[in-house]
Amino acid sequence: MLGMALAALDGTILSTAVPQIVGDLGGFSVFSWLFSGYLLAATVTLPLYGKLSDTFGRKPVLITGIVLFLVGSVLCATAWNMGSLIAFRIVQGLGGGAIQGTVQTIAADLYPLKERPKIQAKLSTVWATSSIAGPAIGGLLAGYADWRWIFVINLPVGALALYLTVRHLHEPGRATSTARTKRGPRSSGGPPPRNRPRVDWAGALAVFATGTLLVTALVQGGVAWPWLSVPSLALLGGTALLAVVTFLVERRAAEPIIPGWVWRRRPIAAVNLALGALGLLMIAPTVFLPTYAQSVLGLGPIAAGFVLSAMTLTWPISAALSDRVYNRVGFRRTAITGMSLATLVLLAFLLLPFPGQAWQPALLMLVLGAGLGLFQLPLIIAVQGTVGWSERGTATASILFCRQLGQSVGAALFGALANGVLTNRLADAPGSGLPRDLDSVAHALDDPGALTDRAADFLRRAVDSAVDSVFLGAAVAGALCLLVLLFVAPRRFPVHPDPAPDPTPDAAPDAAPDARPQKTTPGPSADTA
């Protein structure tokens with residue numbers, strides 16, 4: 001959890017300190033790469049770290065990720081200009097990618113399936129706490145100390161996480177997969193013996209290059225340059241070419257970074273698509289709701305953040321209780337229930353009055369968090385249960401990669417949609433010289449004295465329409481996700497028969513909702529999954 005806190009907090013703590021960083025280092029035109037560079041590095045390395053954890057074990061990969069993150073933090077604290085800070089943020093992202101995927105995999109290794117919702121809910125609580133506390137901590141440090149302390153405070157947290165990982169994380173012995181260390185926590189079986197681990201470095205380079213071009217095109221398209229410009233077309237064309245090269249390289253590799261079974265196995269392919277849709281629709285609340293709260297409702301940045309944080313309060317609670325649902329009705333039906341609720345909430349956003357009250361979107365976010373908690377966690381647990389130890393890291397990294405990629409696609413797609421709707425609405429704007437894109441409109445509304453009452457009201461209504469279109473698009477993504485769950489996901493997720501640990505009282509085999517338990521172990525039958 002401490003390791004996960006490093007990656008979770010770093011995604012939010014920097015946002016409120018951007019003005020101070022730009023004022024000190026300059027580089028206003030490229031400061032968005034402080035976030036894009038980190039996201040890029042963390043996303044494209046997920047498949048590589050997943051495969052490495054299956055090959056060499058989770059512990060060395062997690063330790064490497066924490067060390068890389070801490071090295072990046074030290075370098076960020078010593079940055080001398082915006083270019084160096086962006087480069088060091090990419091180093092942080094290389095560590096963050098290892099932390100995100102490996103921690104999720106370790107949770108599945110150490111805890112039997114019936115206990116995984118509890119530990120996964122605790123990990124979700126880390127993200128929830130970070131989303132609330134991060135902006136406040138970043139603002140305090142930047143305003144009353146120095147923005148460099150944002151990176152320095154990672155060091156004691158990371159050092160403690162590193163010590164606890166080295167000292168107390170005991171993976172099952174690699175030579176005998178059924179062995180369990182006396183001092184280690186519960187395990188669902190260890191890795192099979194490997195005589196000569198091989199790493200597909202050519203495939204890793206190809207995957208990294210393809211992902212880099214794709215994420216760069218999605219993040220910068222429509223922002224740094226138009227979508228139909230030469231840079232966008234060159235990046236997308238290069239992505240397509242490298243994707244073909246990656247396919248050919250991975251097809252010949254003995255141990256590919258992205259093995260074909262990730263997409264040939266129906267349960268994993270379905271969850272990959274479903275989590276990609278989740279990443280897509282999450283852009284609506286996380287990116288556009290704060291703009292709506294500030295520009296339409298007239299809230300300050302902190303109050304707008306609390307409207308969004310309502311979702312993070314119910315998400316971990318719903319996830320923790322999800323086992324009570326999927327133990328009765330199965331993984332698929334639980335996920336369908338959660339996504340159905342989330343889709344209805346996204347549609348309900350269109351019915352909010354103008355300008356409305358802050359409690360109205362906050363209430364919707366509470367319900368949205370409950371629905372998404374029922375949706376995401378059961379699917380992650382279901383996929384981790386379909387594979388053994390030697391494939392679990394790759395499978396977990398695959399679904400996390402699709403979720404991250406969905407977020408990148410969603411940011412590009414919904415950003416273009418919102419600006420398109422806004423441009424059409426502003427074509428009939430009263431007066432001249434009004435801004436024509438969403439960011440410029442939001443900045444203009446922050447200074448009401450510069451606008452007439454009529455112009456300000458017109459801009460607010462235009463922003464309201466633009467955000468409505470984004471939430472409608474997110475509801476469409478939710479509907480597509482439901483179609484995937486209904487027609488692609490299997491009715492029952494199979495459970496991989498992990499090797500049984502030592503026959504001690506506290507080392508019983510995992511009780512899975514997809515497997516018929518023994519008579520002495522109470523639990524759901526195979527039909528429920």
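Position 1 is the first residue of the sequence, and the numbers go up from there. These numbers were taken from a predicted model, which means no experiment stands behind them.
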Trainee: State, with a plain yes or no, whether a side-chain heavy atom of I90 is found less than 4.5 Å away from one of L40.
Mentor: no
Trainee: For the residue pair T246 and T210, confirm or rule out a side-chain donor-acceptor distance under 3.5 Å.
Mentor: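 Yes.
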Trainee: Main chain of G95, side chain of Y49: is a donor-acceptor contact present, judged purely on distance under 3.5 Å?
Mentor: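 A pair under 3.5 Å: no.
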Trainee: Contact between T396 and V387 at the side-chain level, heavy atoms closer than 4.5 Å - yes or no?
Mentor: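 Answer no - side chains too far apart.
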Trainee: Evaluate side-chain contact (heavy atoms from CB on, under 4.5 Å) for T64 paired with F56, printing each intermediate quantity in order.
Mentor: CA-CA 12 Å; T64 301; F56 299 104; over 6 Å; no
Trainee: Is there a side-chain contact between L379 and L278 in this structure, where contact means two heavy atoms from C-beta onward sitting under 4.5 Å apart?
Mentor: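 Side-chain contact under 4.5 Å: no.
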Trainee: Go through the steps to decide whether W261 and T394 satisfy the test side-chain contact (heavy atoms from CB on, under 4.5 Å), and finish with yes or no.
Mentor: CA-CA 10 Å; W261 56 260; T394 298; 4.0 Å; yes
Trainee: Can you tell me how far CG of L213 sits from CZ of F208, rounded to the nearest 0.5 angstrom?
Mentor: 10.0 Å
Trainee: Would a 4.5 Å heavy-atom cut-off, applied to side chains only, mark V207 and L48 as touching?
Mentor: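 V207 does not reach L48 side chain to side chain.
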Trainee: Is there a side-chain contact (heavy atoms from CB on, under 4.5 Å) between M311 and M282 once you walk through the steps?
Mentor: CA-CA 11 Å; M311 178 177 64; M282 281 299 296; 3.7 Å; yes
Trainee: Whether the side chain of Q384 engages the backbone of Q104 through a donor-acceptor N/O pair (distance < 3.5 Å, no angle test) should be reported.
Mentor: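 A pair under 3.5 Å: yes.
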Trainee: Hey, could you give me the CG/CZ distance between L6 and F69, rounded to the nearest 0.5 Å?
Mentor: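 If we round to the nearest 0.5 Å, L6:CG and F69:CZ are 5.0 Å apart.
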Trainee: May I ask you to decide if L228's main-chain N or O and S232's side chain share a donor-acceptor pair within less than 3.5 Å?
Mentor: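 Not at all, since once roles are kept as given, no pair shorter than 3.5 Å links the two residues.
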Trainee: Say whether, by atom type as modelled, one donor and one acceptor occur between the side chain of S340 and the main chain of I336 under 3.5 angstrom.
Mentor: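 It does hold such a pair.
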Trainee: Give me the atom names and distance for the closest heavy-atom approach of T386 to P267.
Mentor: CG2-CB, 4.4 Å
Trainee: Any side-chain heavy-atom pair from N81 and S84 closer than 4.5 angstrom?
Mentor: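 Yes, their side chains come closer than 4.5 Å.
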Trainee: For a quick test of reading the model, state the closest non-hydrogen atom pair linking M1 to K122 and the distance between them.
Mentor: CE-O, 3.6 Å
Trainee: Give a yes or no on whether the backbone of H170 and the side-chain of K59 come within a donor-acceptor separation of less than 3.5 Å.
Mentor: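 Answer holds: no.
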Trainee: Does the side chain of N154 come within less than 4.5 Å of Q92's, by heavy atoms?
Mentor: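 The answer is yes, as the side chains (C-beta and beyond) meet within the 4.5 Å cut-off.
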Trainee: Is D109 salt-bridged to R58, cutoff N-O under 4.0 Å?
Mentor: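 A salt bridge links D109 with R58.
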Trainee: Any chance you could measure Q407, atom CD, to L275, atom CG, to the nearest 0.5 Å?
Mentor: 10.0 Å
Trainee: Hey, what do you get for CD1 (I399) to CG (L273), rounding to the nearest 0.5 Å?
Mentor: 12.0 Å
Trainee: Distance from E255 atom CD to E250 atom CD, nearest 0.5 Å?
Mentor: 11.0 Å
Trainee: Tell me the closest heavy-atom pair linking V470 and A418, and the distance in Å.
Mentor: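 Taking V470 first and A418 second, the nearest heavy atoms are CG2-CB, 3.8 Å.
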Trainee: Does the side chain of N272 reach to within under 4.5 Å of the side chain of F401, using non-hydrogen atoms?
Mentor: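 Sidechains of F401 and N272: no contact.
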Trainee: Which word best sums up how the rings of Y326 and F331 line up, parallel for under 30°, tilted for 30 to 60°, or perpendicular for over 60°?
Mentor: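 Tilted.
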Trainee: Got a donor-acceptor contact below 3.5 angstrom from the T78 side chain to the L75 backbone?
Mentor: yes
Trainee: Can you tell if the side chain of M339 reaches within under 4.5 Å of the side chain of L281, non-hydrogen atoms only?
Mentor: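 Side chain of M339 against side chain of L281, heavy atoms only: contact under 4.5 Å found.
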Trainee: Look up atom OG1 in T216 and atom CG in L235, then write down how far apart they are to the nearest 0.5 Å.
Mentor: 6.5 Å
Trainee: Do you know the tightest heavy-atom contact between D200 and P256?
Mentor: OD2-CA, 3.7 Å
Trainee: Can any side-chain N or O of R332 pair as donor or acceptor with the backbone N or O of L486 at less than 3.5 Å?
Mentor: yes
Trainee: Quick one: closest heavy-atom pair of S469 and L417, and the distance?
Mentor: O-CD2, 3.4 Å
Trainee: What heavy-atom pair brings G203 and I257 nearest, and what distance separates the two atoms?
Mentor: C-CG1, 4.0 Å
Trainee: Give a yes or no on whether the backbone of L34 and the side-chain of R89 come within a donor-acceptor separation of less than 3.5 Å.
Mentor: yes
Trainee: Would L405 and L214 satisfy side-chain contact (heavy atoms from CB on, under 4.5 Å), going step by step from the backbone distance to the final call?
Mentor: CA-CA 9 Å; L405 189 60; L214 176 59; 3.6 Å; yes
